[in-house]
Amino acid sequence: MDERKLSKLLTEVQNGQRPVAEAVEILKSLPAEEMGFACLDHHRQLRTGRPEAIYGENKSGEQILAIVGSMLERGATVLATRVAEDKAALVCRTFPAVNHHPTARMLTANPLAADTDRVRGEILVVCAGTSDLPVAEEALLTARSLGQPVSMVADVGVAGVHRLLRRHDALRRASCLIVVAGMEGALPSVVGGLVERPVIAVPTSVGYGTGFGGIAALLGMLNSCAPGVAVVNIDNGFGAGCMAAAINRL
C-alpha cells in the first residue's frame with residue numbers, strides 16, 4: 001500500500017462508502033505476509049516511499065513466482081533484481097503483465113505513477129562502456145519503477161573523453177546523476193568536476209585481473225578528488241536508483 005491508496009481508503013471511510021470494520025481488516029492484512037520462505041513487507045512503500053523489492057539471486061523460480069503473485073494480487077509495484085533467464089521466463093509465462101528486462105536481469109510491473117509536482121527534475125544515468133550496461137540499466141529501471149523521470153547516455157567513458165564532453169548540456173540539465181563505470185572507475189570524478197548536481201558513483205566488476213572484480217573502481221571512486229560524489233557498492237545499480245529517487249523526490 002502506498003500513500004495514495006491509504007488516502008483513498010480513508011476518504012471512502014470518511015464519506016461512508018466503506019465501513020470502518022472493513023477498512024480495519026484491510027489494514028490488518030497488509031503489514032506483513034508470512035510465506036514460510038519469505039515475509040513480505042507490504043507497508044514498506046507507505047513507510048519509505050519505496051516498495052518491497054525482490055532480490056532474485058539464489059531464490060528458486062517458484063519462490064520468485066509466489067512473491068510476485070502476492071504483490072500483483074495487491075496491485076503493488078513489482079521490482080525484482082538479479083533474476084536468471086529461466087526464472088524470468090517462468091514468471092512471465094504465468095503473469096503476462098510482468099516485464100522482463102534481460103540486460104538488467106530484472107522483472108518489473110506496476111511502476112509508481114510519475115508525479116511531476118513532486119520531483120526536482122530528471123535523473124541521468126551516465127554509463128562508461130557497453131560492458132557496464134547491465135548495472136546502468138538496473139539503476140535506470142529502478143528509478144523509473146519508483147516514478148522518477150530518468151534517461152541514459154551510454155559509452156562515454158574516459159578512454160574517449162570527447163564523447164562525454166559532447167553531452168555536457170545533458171549533464172548540466174540533470175537534477176541528479178548516476179555514473180556507472182568499471183576498470184579504474186575514473187568517470188564519476190570527471191563528471192563531478194563538470195556539474196553542480198549530486199553524483200552517485202557505481203563501480204562495476206568490469207575489468208581485467210588487476211581490477212579485482214570492481215575493487216579498483218570502488219577505491220578510485222571513494223578517493224575521488226571531485227566533491228559531491230557519493231559511492232554505492234560494486235554492481236549496485238539498484239541501490240543507486242533508490243538513492244537517486246530519494247534525492248530527486250521533493
Side-chain angles (χ1 to χ4, degrees), residues 50 53 55 57 79 81-82 103-106 120-146 148-249:
R50 294 182 297 275
Y55 181 68
E57 198 110 57
L79 183 57
T81 65
R82 307 299 170 89
T103 301
R105 295 182 294 164
M106 291 180 71
R120 300 179 188 279
E122 185 175 63
I123 298 166
L124 181 65
V125 179
V126 183
C127 180
T130 305
S131 296
D132 301 304
L133 274 174
V135 178
E137 285 200 13
E138 184 179 84
L140 181 144
L141 290 166
T142 298
R144 185 170 290 163
S145 293
L146 297 177
Q148 299 297 311
V150 56
S151 60
M152 183 193 299
V153 295
D155 200 21
V156 290
V158 297
V161 74
H162 59 284
R163 299 173 300 176
L164 177 69
L165 297 178
R166 287 175 55 197
R167 308 293 188 125
H168 194 199
D169 287 345
L171 299 179
R172 295 184 64 185
R173 284 196 303 268
S175 57
C176 177
L177 299 99
I178 299 171
V179 184
V180 182
M183 300 291 188
E184 81 282 27
L187 185 59
S189 289
V190 177
V191 173
L194 294 173
V195 301
E196 60 178 351
R197 308 300 190 199
V199 174
I200 302 168
V202 189
T204 73
S205 52
V206 170
Y208 295 102
T210 53
F212 297 107
I215 292 176
L218 172 65
L219 294 177
M221 293 175 184
L222 286 172
N223 288 285
S224 171
C225 64
V229 176
V231 188
V232 299
N233 210 339
I234 298 168
D235 292 335
N236 191 10
F238 169 75
C242 289
M243 179 58 70
I247 291 171
N248 201 46
R249 188 182 299 116

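Both backbone and side-chain heavy atoms feed into the values below; hydrogens, waters and symmetry mates do not.
Minimum heavy-atom separation, Gly239 to Asn236: N-OD1, 2.8 Å. Looking at every heavy atom in both residues, Asp235 comes nearest to Ser205 through OD2-OG, 2.8 Å. Here the closest heavy-atom approach between residue Gly121 and residue Ser175 is recorded as C-OG, 3.5 Å. The two residues Val202 and Gly237 make their nearest non-hydrogen contact at CG1-N, 4.2 Å. Residues Leu124 and Ala174 share a closest heavy-atom pair of CB-CB, 3.6 Å.
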Determine all donor-acceptor pairs shorter than 3.5 Å in which one atom belongs to a side chain in residues 223-234; sequence neighbours excluded.
unit_1: Asn223; atom_1: ND2; unit_2: Leu219; atom_2: O; d: 2.7
unit_1: Ser224; atom_1: OG; unit_2: Ser189; atom_2: OG; d: 2.8
unit_1: Ser224; atom_1: OG; unit_2: Ala226; atom_2: N; d: 3.0
unit_1: Ser224; atom_1: OG; unit_2: Ala226; atom_2: O; d: 3.4

Contacts under 3.5 angstrom, residues 126-134 side chains, donor-acceptor by atom type, not counting sequence neighbours:
unit_1: Asp132; atom_1: OD1; unit_2: Gly182; atom_2: N; d: 3.4
unit_1: Asp132; atom_1: OD1; unit_2: Thr204; atom_2: OG1; d: 2.7
unit_1: Asp132; atom_1: OD2; unit_2: Gly129; atom_2: N; d: 3.1

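Within the 3.5 Å criterion, the main-chain N or O of Pro149 finds no donor-acceptor partner in the side chain of Arg144.
Partners of Glu138 according to the salt bridge (charged side-chain N to carboxylate O under 4.0 Å, His left out) rule, which considers only residues two or more places apart in sequence or in another chain, are Arg82. For Glu57, the side chain to side chain donor-acceptor pair (under 3.5 Å) partners two or more places apart in sequence, or in a different chain, are Tyr55. Listed by chain and number, the residues in a salt bridge (charged side-chain N to carboxylate O under 4.0 Å, His left out) with Arg50 amount to none (sequence neighbours excluded).
Residues Pro203 and Met221 meet the side-chain proximity criterion, which asks for heavy atoms closer than 4.5 Å. Counting heavy atoms from C-beta outward, Leu164 and Leu171 have side chains that approach closer than 4.5 Å. Using a 4.5 Å heavy-atom cutoff, the side chains of Val158 and Glu184 are in contact. Looking only at side-chain heavy atoms (C-beta outward), Ile200 and Leu177 stay at 4.5 Å or farther from each other.
One distance of note links OG1 of Thr81 with CE of Met106; it measures 6.5 Å at 0.5 Å rounding. Distance CG/Leu79 to CZ/Phe238: 5.5 Å, rounded to 0.5 Å.
Sorted by first and then second residue, the salt bridge (charged side-chain N to carboxylate O under 4.0 Å, His left out) pairs involving residues 149-177 (not counting sequence neighbours) are Asp155-Arg163.
Screening Arg120, Gln148, Glu122 for a side chain to side chain donor-acceptor pair (under 3.5 Å) involving Asn248 leaves a single residue, Gln148.
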